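Single-structure report; data block below.
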Amino acid sequence: MVEEKKLFEEVSETNFPRLEEAVLAFWREQQIFAKSDQKPAPKGEFVFYEGPPTANGKPAMHHVLARSFKDIFPRYKTMQGYHVTRKGGWDTHGLPVEIAVEKKLGVLGRKTLNREQIAEFTQQCREWVFANIEDWNYFTERMGMWVDLENAYVTYHNSYIESVWNLLKRMWDKGMVVQNYKVVPLSPRISSTLSQNEIADGYREVDDPSVYVRFPLKRETTPEAVRERLMAQGVRLEDLDNLAILVWTTTPWTLPSNTMAAVNPEMDYAVVRSPSVGHLIFAAEAVERLRELHKEELEVVAHLKGKDLEWWEYTPPFPEVCVELGVVKEQGEKRPDGRPVLHFVALADFVSAEDGSGVAHEAPVYGAEDLELSRQYGTPLLFGTNEYGLMQVTDERGKFFKDADKGLIRIMKERGVMYHAGQIRHRYPFHDRTGDPILYFAKPSWYIKTSNFRQALYDNNEKINWFPEHIKHGRFGNWLKDNVDWAISRERYWGTPLPFWVSEDGSEKICVGSVRELSELAGRDLSDLDLHRPYVDEITFVKNGKTFRRVPEVLDVWFDSGAMPYAQWHLLLDGQGQPLPGTEENYRLWQRHFPADYICEAIDQTRGWFYSLHAISTLLYDQPCFKNVICLGHLVDEKGHKMSKSKGNVVEPLPMFDKYGADAVRWYLFTGSEPGEQKRFSERLVQEAQRGFLGTLWNVYSFFVLYANLDRPNLQNRPAVVDRPEMDRWLVARQQQLVERVTARLDAYDARGAGKELEQFVEELSNWYVRRNRRRFWKNDDPTDRESAYATLWEALVTVVQLAAPFTPFVAEALWQNLVRKVQPEAPESVHLSDWPNADPALVDETLLTQMGAVVKVVGLARSARAISGVKTRMPLPRVLVTAPTEAELAGLRHFADEIADELNVKAVEVLGLGEALLSYRVLPNLPVLGKKYGKRVPAIRDALAELDSQMVARTLKSGHSLSLEIEAERLVLEPGEVLLEALSPEGYAAQEQEGYMAALEVRIDEQLLLEGLSRDLIRLVQQARKEMGLNVSDRIHLTYTAEGRYAESLVQFGQRLQEETLALSLEQTKPVGYITELSDEEGAVKFGLRKA
RNA sequence: GGGCGGUUAGCUCAGCUGGUUAGAGCACACGCCUGAUAAGCGUGAGGUCCCGGGUUCGAGUCCCGGAUCGCCCA
């Protein structure tokens, strides 16, 4: 006999990693990703932007997280009929690369690099950038992320740089680019700008001076507000001798550079009489502290508000400095509007009185906040040191800044302005390579005037959907509200060179917007020029008789990545916003892909990529750059600690893929917690994810294939849904509901919610549908019923496979190939080329869903009751009483009474309706309804309801009447909807109740039931033996036996059933032969012999 | 120092606009089932919902204060 070809590939044990490798090979060979690009897209383009990772590090678990979320929605949208361009990208410039190369080359002070060294340095950077590109390519493919890496954009490519220049030029033309000072951390001896990361580890606990200095106030400039307030308190200004404002600082070396004294406008300031120095003004909150510190009796004579003090002029401790530096012509110089140029009291919210005097000394050259304040007040800068940290003024001239403190304190003591000099222990950053303290120093820097667009940035943010939502007005919104100008220049080598050329005398500046423009200026073709340093630095040109040279800085890498919507297509526009000649196609591509429908990165990108994208598109196009954004939380280890190499708690992705499969990892990342939350990650959790969803799905699948291969159902021509049994129609309805819900969730970018729906469905599919219908698949002589069962289960599986495809692309593909392609050769070649299922609302039979819901609920309660009663399921029981809270559900229980009886192994199901004699109830107020209506009287109503006869209440409500109550001598009428009844367990039954559902088993076992129960024990005994013999499920046997006691009786009555269940062709009471199995207990004894037929 | 978020069972997490006995999965214990079988299912135990105060008939949920962890920014 020729064996018929199997309908489906047999399903072996689960080995997801091997399965995934096979799927990868299939995708590769059949070019499925490329084909998905060609899939018809009636819905148009869904625009996705790949936020470029850096390829110099190794891919880690958090990259799996981001890439999973980047992958799922494009896959979903593709199935839905959108086209999704999935262009990859690499971020290649910037500090991490430079630092790595610096280490390698042993270069420390970049100031000293000559042309050759720069060439060597940038060359090394270029090579280092893709140090791990092979790992990235492999990893990306292996995890099932579809992205076009062959045509990825690369931020260091000339074409990319040219587009970035072009963007800068357009901003330049609109006057958005300016040069201004910026306070940066310097390592002073080498005058090298450091990044925050470089100083983050350099903090040390040190002792620094803590000095309180008197700034004598100029009486003639006393603000009107001060005069008035003093008068109101009965204090005469004239009586205040030696009046000074008391300023606190821990950096005496910055005092020569002082330009303002800042007070908090909302804080209280005290006018204090000091026996030693006369009158002082400082924060009221600090009086007690100063009293103890300086050990003298301070008397508060008046109170002032910080804002009263604005513009009050004072004499600084080193008044000669400003003239010396040529910043003003004379001390006390005024502006045209009469305001002082320098040395006055300013208002600043950041001033606090927690330390010091509540009056801050402002030296804008040495502090970012100070510099910002100086901009607000329009004061000039006083450079007390140069950028190597050497003092340029006072008698301490030439000293290293920290070494100048002592001498300056001495001078101030001599001048009689030092009120108190002490010490403070605090943390201060040091540069760990030179050992020098960090110098914060204002350097000229290039800015984009984003602060002019604060409102537009904020308004455009309103148009973006943020997931999670709180980022929108929280982290991101606040950041936009407080927006400061974007400092875009860096004193580095490996980056997009700033395309600014400046004339020798500094009077003229040109921004270059394309290579062609530069060629024209230089008078030669520069098409082949590497736009990086040092080569671009060598391009000079003469215009208007002046020689122009490029500024030395390179561009902030965040601008690079924020430019990707334009630069990935090499967009080049002229001043009118039209494409430069020959770039029309680039323009078309850009237009089709702007703005993005969806982007996704981790939460640290709010100030990074999310911001740079948003800022550039707002400034140039006044619109948001992306419509939907998922902001992922960070991955931490099992204990909630950050994963880091030094801690050794890093979970590598590839071993996880090899052990559990990429799908298991993906599923966990999608469904394990909210995407925006921090996630704890561990191997154990991946294992759980694999077992929970994938394992259950696999079980159902293998069950289906096992029997379908035996029965060969016709799946091409399936029975109409209306002709199928109710159980099948239920699953069909449930399946439509699933499609609806998963689609809605994914449309809302809720991968987790969608995943939970899938998980729930698969659970019901396995533990209800398959469990209840097993026999229809293996011992079904009714072909119509059998075909219906196969069709229904097949459809459910195929639907799940399609819905799961964006989540777990490998398993979905494998099942699709076997379940669909084997029976429908004309079906799409890959599940990812198939169309997303549509829900058919006509098939959502709400009644059926409600009814089955009640059945499942009641069966659950009955199982619980049986477990408590201690009577095994094998033992039939005479009766179960069930009830449910609504009429619709009660109808369902009646309707499916046979299912319930079978599932619970009981002889009869009795459905008890409202008000039936066997039932008693708990009478409860419907709180959400009653609470709103009666408020404080709720407790009294609750008590009154408990007093009532529940049977009476049940009958009243059943008849639709309202309930009348007497409460605190008042008559209240409760409508039926305002009172809830919960069935209570009847006496004498093993019962469970919950929220109005109840199941009560009658535990009464008579002789007949006992014999039946024993027969099931015997069946089990034989089945066990069959398994031990290694028989196939369809093998026939011959049975011989001896028996005594009740087992003998049971076999007489139920022998026929035993034969049927165990596929025994004969059952003879004789000496057992063959494989022997036996049993003996208080009910009797039995011994079977099994022989294969 | 500021901003944002978290803190619920041993673990990982749900808990919508306040509402009755705070849930799920895993792990654990016990049991069930046996033609999905080196699978499957159920039951149970396990909680000061971080702490303190407030609003309310009623707070895990809202408000205020604090602790703590994390991220970002200074």
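Note that the structure is a prediction, hence the values are computed from the model and not measured. Letters go in sequence order (proteins before strands), and every chain restarts at 1. Computed over heavy atoms, backbone and side chain alike; hydrogens, waters and symmetry mates excluded.
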Looking for any heavy atom pair under 4.0 Å, which part of the strands does [X] touch: base, sugar-phosphate only, or nothing?
{"X": "A/Arg874", "answer": "sugar-phosphate"}
{"X": "A/Val700", "answer": "base"}
{"X": "A/Ile941", "answer": "nothing"}
{"X": "A/Ser864", "answer": "sugar-phosphate"}
{"X": "A/Arg691", "answer": "sugar-phosphate"}

- Message: Rounded to whole Å, please give me the gap between CD in A/Gln690 and P in B/U12.
- Response: 21 Å
- Here the distance between atom P of B/G42 and atom CH2 of A/Trp768, to the nearest Å, is 12 Å
Are [X] and [Y] close enough for a salt bridge, meaning some N to O gap below 4.0 Å?
{"X": "A/Arg775", "Y": "A/Glu1061", "result": "yes"}
{"X": "A/Lys472", "Y": "A/Glu469", "result": "no"}
{"X": "A/Arg1016", "Y": "A/Glu1012", "result": "no"}

- B/U34 phosphate, OP1 or OP2, under 4.0 Å from A/Gln1024 side-chain N/O: no
Under-3.5 Å donor-acceptor pair between [X] side chain and [N] base:
{"X": "A/Arg922", "N": "B/U21", "value": "yes"}
{"X": "A/Ser766", "N": "B/A36", "value": "yes"}
{"X": "A/Arg863", "N": "B/C41", "value": "no"}

- Message: Could you check whether atom CD of A/Glu10 has more than 12 heavy atoms from other residues, nucleotides or ligands sitting under 6.0 Å from it?
- Response: no
- Task: Dot-bracket for RNA chain B, please, read 5' to 3', with Watson-Crick or G-U wobble pairs under 3.5 Å on both distances, ( ) within the strand, [ ] crossing, | other strand, . unpaired.
- Result: (((((((..((((.....[...)))).(((((.......))))).....(((((..]....)))))))))))).
- Taking atom C1' in both B/C26 and B/G1, compute the distance separating them and give it to the nearest angstrom. 42 Å
- Task: Start with the C-alpha distance between A/Arg772 and A/Glu903, add both sets of side-chain angles, then the distance that settles side-chain contact (heavy atoms from CB on, under 4.5 Å), and finish with yes or no.
- Result: CA-CA 7 Å; A/Arg772 285 304 316 142; A/Glu903 176 65 23; 2.4 Å; yes
- Query: Which listed nucleotide (B/A14, B/G25, B/C71) is nearest to the side chain of A/Glu688?
  - Reply: B/G25
- Quick one: list whatever passes salt bridge (Lys or Arg N to Asp or Glu O under 4.0 Å) with A/Glu9, sequence neighbours left out. A/Lys822
